[in-house]
Amino acid sequence: MFAILTLRYPSPMDEHYQPGPIETEAQAYWDRHGTFAADETSSHPKYYCLSMFPYPSGRLHMGHVRNYTIGDVVSRYKRMQGYQVLQPMGWDAFGLPAENAALERGVAPAKWTRENIGAMREQLKGLGFGYDWAREFATCDPEYYRWEQWLFIRLYRKGLVYRATSTVNWDPVDQTVLANEQVIEGRGWRSGAAVERREIPQWFLRITDYADELLEGLEALEGWPEQVRAMQRNWIGRSEGVELTFALEGGGEMLSVFTTRPDTLYGVTYLGLAPEHPIALELAKESDEIAALVAEARTGGTAEADVATREKRGADTGLRAVHPLTGERVPVWVANFVLMEYGSGAVMAVPAHDQRDWEFASAYGLPIRPVIHPEDGAADVSGGAFTEYGVLRESGEFSGMTSGQAFDAIAQRLESDGLGRRRVQYRLRDWGVSRQRYWGAPIPIVHCPHCGPVPVPDSDLPVVLPEDVTLDGAGSPLASMPSFYETSCPECGADARRETDTFDTFMESSWYYARFACPDRADAMLDRRAGHWLPVDQYIGGIEHAVLHLLYARFFHKVLRDEGLLPGDEPFQRLLTQGMVLKDGAKMSKSKGNTVDPQHLVDRFGADTVRLFTMFAAPPDQSLEWSDSGVEGAYRFLRRLYLLVRDHVAAGAAAAVEPGALNDEQRAVRRKVHETIRKASDDIGKRFTFNTAVASVMEMCNTLGKAAEDRSAAGRAVMQEGLEAAVLILAPIAPHLCHHLWSALGHQEPVVDAAWPEVDERALVRERVELVVQVNGKLRGRVTLAADAGEDRAREAALAEPNAARFMEGKEIKKVIYVPGKLINVVVR
RNA sequence: GCCCGGGUGGCGGAAUCGGUAGACGCAGACGACUUAAAAUCGUCAGGCCCCCGUGCCGUGCCGGUUCGAGUCCGGCCCCGGGCACCA
């Protein structure tokens, strides 16, 4: 407000580094010039850099600061490389915390959310992130979620949406459905009541229709961490196997099972049924033991981790199944480790060759019959299952075959006998998108007593979520709000009831990246601009989203493509998954009381210091250990840089470097400058290791600081070049200070529009190199040689090196290994 | 339980393709400046040893491959992320 307007280029520098006014001025400059408005008509190549948008929880936390600093550094770097960059920001505004806040404080979720957005937007601006704010939106805006409702109806008409029952956590005291997070050790978080499971009708999207494409598409995602691709691959869990049927003795009933190991078929000693399997439910009526298992399966949380860590328990049903090849009778057990959701809810158990089956069989004294053996010897199944492939024995006509041969032979035999067929099975399940919650996008369906579920007509969209509500913790307020649910059937006009469930919030986050291309479009979900900006060139967010969010967004992208709304097969070209921010070795969280409010640090040291520290403290994909004194170190470095520039410019303008006119020391300083440019370009542009880029600039500044005594014209020219390199390299990381320093160094154009520095290869040339001398791989000395010396000279020098010679004395030289420019290793005996 | 990561000085981390372990920074010690302190600048800094040597040991633990392993392979321990209704 004050000094800013009177500032002219080049600006005089204050005695001390004062981040406050420098940052205010730089932000005002970007604002005034619309610096970060992304223009799709630009002739520059486009670059879409997206950071995962935040849930507006109230204030920014360190995880946000880290995420958004990485995104901003990439965006500004790409801009300096000549790209037209789109970097948008918005709000993932629906979700559970708003409902919790409403219960705790009596604030309506909409009001609470919008206030949080206002506060967090100011914090983001204060950190100097270069967003195109004109594209901002929140997912709770009806103009956003209307297109999600519109798409859902299209998918409904296309058959990609269906209704089925599925299991939820039910709190019998609060009479409400609980999220997995709200179930703590099998009990409701508020009521403390033992959680029950309930089957209720819900809406599903057929993501499994896209399972193969989602799996195959991973191969082409070379810009994604292998770790994330592996997690998605495992999540989709494609497995090829055989589905076969066991007849139940004394009845026409058939039991279908899926196995990836038909080669082990002769080792089956029992069948396992999920407690929720219809046969188990039927038997529970007569058997207390089975009833107890079924009852147990109905308590506790629905989360996979809850189910998988239960002690393996089971009960004999008394039923006997007929082995399809041998005709042998095998017992049928109810087993609590068999999942109803996966396959058919029944498994053939081969304890000799499957570890879970082995443990169950050992616990209940069931036979363990090895039929697969290593080529040379016998499988030992006394201490656990033998799960490798091998050669079949005691397997009838298939004995002697390898597992691979037997897979095909047995599958073929089952197929020709009509007892089974080859099948591909996925672990991936269809996506349940219904939530029995208030603060989400309404599902645009009307339930008519005559017509059944009917989609809301496009002309009636959006179905607007009423925002003026009071929550009481007992179910969704929508279900007790006649003004919302009372309606008429769009088809027959009869009185009908609106769906009161809302969408899973992953729905909103599955397509926001595309809407950022055209957020102002009022009459369509997306337009041609999406084709211009997409795919996202670089996506940045937490590793915790490796599977769910990133898989759903990939699925949505393919759906939108098939609807003709988008080109391309994948939404995110490159992905960077950032690590967590820790304090004292643990994740920062309110419950641990180890949070650090980034705002306090910005107020005290400025945004540049906070940004610099988060980039310097760790590589982006690793966890970052918070350190207050480390922040002070970052501040000290910026101040040192400020003083270096101040002292340099105080002496007046410097001439351009004339490489031929430099003395040895000046040449060494200049080599350091260009080595730093080379390293920092690689670190920021290719490796994303911002920490080592910063370290190399610090090193260069240490060198420049020592060279500052050289006040000769050539020395000052080298200094000018070095300081400009430092400012350019740091501009994406500490943009405010660099904005200021760049102008102080005499430039009219703002640094945000400057070009990334280029390496002068000639400055890198060395006349002499140091070689390490090893004897038997141990460092014993060093020799310095002319850079163009060959292997013979290096060998000669190494053998003559006095300390190394001590270790070679009286020994025979077996071999000499020469690594040019690095080392020479003499192997002696 | 299943899937995926990580483990290097007092601390955060570096070592990019198997080639000098500990760059850079923090904390610390000593020195300069100062009446003094802070700030700043400079020097030192993995461990061990009455052999102080460019000696020996050292990258979670055990073993292997190699002229050479923090890096590759096998086994184990510990910590973290995800597990479909937290986002």
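Just so it is clear, the values below take in all heavy atoms, side chains as well, and ignore hydrogens, waters and symmetry mates. Below, read A as the first sequence line, B as the second, and so on, with proteins coming before strands; counting in each chain starts at 1.
Nucleotides B:C50 and B:G68, compared at atom C1', are 35 Å apart to the nearest Å. Between B:C61 and B:C78, the distance separating the two C1' atoms is 10 Å to the nearest Å. Rounded to a whole angstrom, the distance from the P atom of B:G13 to that of B:C51 is 37 Å. Distance noted for atom C1' between B:C79 and B:C41: 41 Å (whole Å). The separation of B:C3 from B:G74, taken at their P atoms, amounts to 15 Å, rounded to a whole angstrom. Spacing between B:U20 and B:C67 at atom C1', rounded to whole Å, works out to 16 Å. A distance of about 12 Å separates the P atoms of B:G6 and B:A14, rounded to the whole Å. Nucleotides B:G9 and B:C83 are separated by 32 Å at their P atoms, to the nearest Å.
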Tabulate atom names and distances for all N/O pairs under 3.5 angstrom spanning the protein and nucleotides 67-73 of chain B.
residue : atom : partner  : partner atom : Å
B:C67   : O2   : A:Asn825 : ND2          : 2.4

Listed pairs, N/O of protein and of nucleotides 12-17 of chain B, under 3.5 Å:
residue : atom : partner  : partner atom : Å
B:G12   : O2'  : A:Ala617 : O            : 2.7
B:G13   : OP1  : A:Ser623 : O            : 3.3
B:G13   : O3'  : A:Asn691 : ND2          : 3.3
B:A14   : OP1  : A:Asn691 : ND2          : 2.9
B:A15   : OP1  : A:Arg687 : NH1          : 3.3
B:A15   : OP1  : A:Arg687 : NH2          : 2.9
B:U16   : O4'  : A:Arg687 : NH1          : 3.2
B:U16   : O2   : A:Asp682 : OD2          : 3.2
B:U16   : N3   : A:Asp682 : OD2          : 3.3
B:U16   : O4   : A:Lys679 : NZ           : 2.4

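Ring geometry, A:Phe53 versus A:Tyr512: the interplanar angle falls under 30°, so the pair is classed parallel (tilted spans 30 to 60°). Note: A:His61 and A:His64 have parallel aromatic rings, judged against thresholds of 30 and 60 degrees for the angle between ring planes.
If you check B:G1, B:C4, B:A84 against the side chain of A:Ala305, the one that comes closest is B:G1. When the nucleotides B:A87, B:A84, B:G55 are ranked by their closest atom to the side chain of A:Tyr55, B:A87 comes out on top. Checking B:C4, B:U54, B:G1 against the side-chain heavy atoms of A:Glu801 singles out B:U54 as nearest. Out of B:G55, B:G81, B:C24, the shortest distance to the side chain of A:Ala695 is found at B:C24. Taking the side chain of A:Leu548 as heavy atoms from C-beta on, and the options B:A84, B:C4, B:G25, the nearest nucleotide is B:A84. Closest contact between the side chain of A:Phe807 and the listed nucleotides B:A84, B:G19, B:G55 involves B:G55.
Using a 4.0 Å heavy-atom cutoff across all strands shown, A:His545 reaches at least one base atom of the nucleic acid. Across all strands shown, A:Met580 has heavy atoms under 4.0 Å from sugar-phosphate atoms exclusively, and none from any base. A:Val183 comes within 4.0 angstrom of nothing in the nucleic acid, heavy atoms only. Note on A:Phe637: nothing from the nucleic acid sits closer than 4.0 angstrom, heavy atoms only. Using a 4.0 Å heavy-atom criterion, one finds that A:Lys778 contacts the sugar-phosphate atoms exclusively. Residue contacts shown for A:Arg636 are limited to sugar-phosphate atoms, with no base heavy atom under 4.0 Å away. Among the protein residues, A:Glu544 comes within range of the nucleic acid bases, having at least one heavy atom under 4.0 Å from a base atom. Using a 4.0 Å heavy-atom distance criterion, A:Gln202 is classed as a base contact. Contacts of A:Thr309 with the nucleic acid, taken as non-hydrogen atoms under 4.0 Å apart, include base atoms. Within 4.0 Å of A:Met231, counting heavy atoms only, lies at least one base atom of the nucleic acid. Using a 4.0 Å heavy-atom distance criterion, A:Arg233 is classed as making no nucleic acid contact. At a threshold of 4.0 angstrom between heavy atoms, the contacts of A:Val177 include nucleobase atoms, whether or not backbone atoms are also involved. Within the 4.0 angstrom heavy-atom criterion, no nucleotide atom of any strand lies near A:Tyr635. Across all strands, A:Arg427 comes closer than 4.0 Å to base atoms (heavy-atom distances).
Applying the salt bridge (charged side-chain N to carboxylate O under 4.0 Å, His left out) test to residues at least two apart or on different chains, the pairs with a partner in residues 770-781 of chain A are A:Glu770-A:Arg782.
At least one donor-acceptor pair closer than 3.5 Å links the side chain of A:Asn336 to the backbone N or O of A:Glu311. Between the side chain of A:Trp439 and the backbone N or O of A:Thr502, no donor-acceptor pair lies under 3.5 Å. For the pair A:Asp430 (side chain) and A:Ile207 (backbone), a donor-acceptor distance under 3.5 Å is present.
With hydrogens and angles ignored, no donor-acceptor pair under 3.5 angstrom links the side chain of A:Arg782 to the base of B:U54.
For the ring-ring contact (aromatic ring centres under 6.0 Å, His included) criterion with A:Trp431, the lone passing option out of A:Phe204, A:Phe503, A:Tyr552 is A:Tyr552. Partner of A:Phe605 under the ring-ring contact (aromatic ring centres under 6.0 Å, His included) criterion, out of A:Tyr635, A:Phe637, A:Tyr17: A:Tyr635 alone.
Stem analysis of RNA chain B (at least three stacked-register Watson-Crick or G-U pairs, each with both distances under 3.5 Å) gives B:1-7 with B:77-83, B:10-12 with B:24-26, B:28-32 with B:40-44, B:46-48 with B:55-57, B:60-64 with B:72-76.
A:Trp112 pairs by the side-chain hydrogen bond (donor to acceptor under 3.5 Å, both in side chains) definition with nothing, not counting sequence neighbours.
Taking a cutoff of 4.0 Å between a charged side-chain nitrogen and a carboxylate oxygen, A:Arg229 and A:Glu226 qualify as a salt bridge.
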Walk me through whether A:Trp511 and A:Tyr144 qualify under ring-ring contact (aromatic ring centres under 6.0 Å, His included).
CA-CA 10 Å; A:Trp511 68 284; A:Tyr144 180 77; 4.2 Å; yes

Run A:Glu699 and A:Lys679 through salt bridge (charged side-chain N to carboxylate O under 4.0 Å, His left out) and show every step you take.
CA-CA 12 Å; A:Glu699 266 186 72; A:Lys679 171 144 182 69; over 6 Å; no

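Taking the six-membered ring for Trp and the full ring otherwise, the centers of A:Tyr145 and A:Phe94 sit less than 6.0 Å from each other. Ring centroid separation for the pair A:Phe613 and A:Trp626 comes in under the 6.0 Å cut-off.
Between A:Ser509 and A:His549 the shortest heavy-atom distance is O-CE1, 3.0 Å. Between A:Ala274 and A:Met340, the shortest heavy-atom contact is CB-N, 3.8 Å.
Nearest-nucleotide positions on RNA chain B for A:Glu226 and A:Gln182 put A:Glu226 closer to the 5' end.
Between A:Ser434 and A:Ile443, the closest side-chain pair of non-hydrogen atoms falls below 4.5 Å.
B:C49 shows a glycosidic angle more than 90° from 0 and is accordingly assigned anti. Base orientation at B:G82 is anti, since its O4'-C1' glycosidic dihedral falls outside 90° of 0.
Taking every heavy atom of residues 92-102 of chain A and every atom of RNA chain B, pairs under 4.0 Å involve A:Asp92, A:Gly95, A:Leu96, by number.
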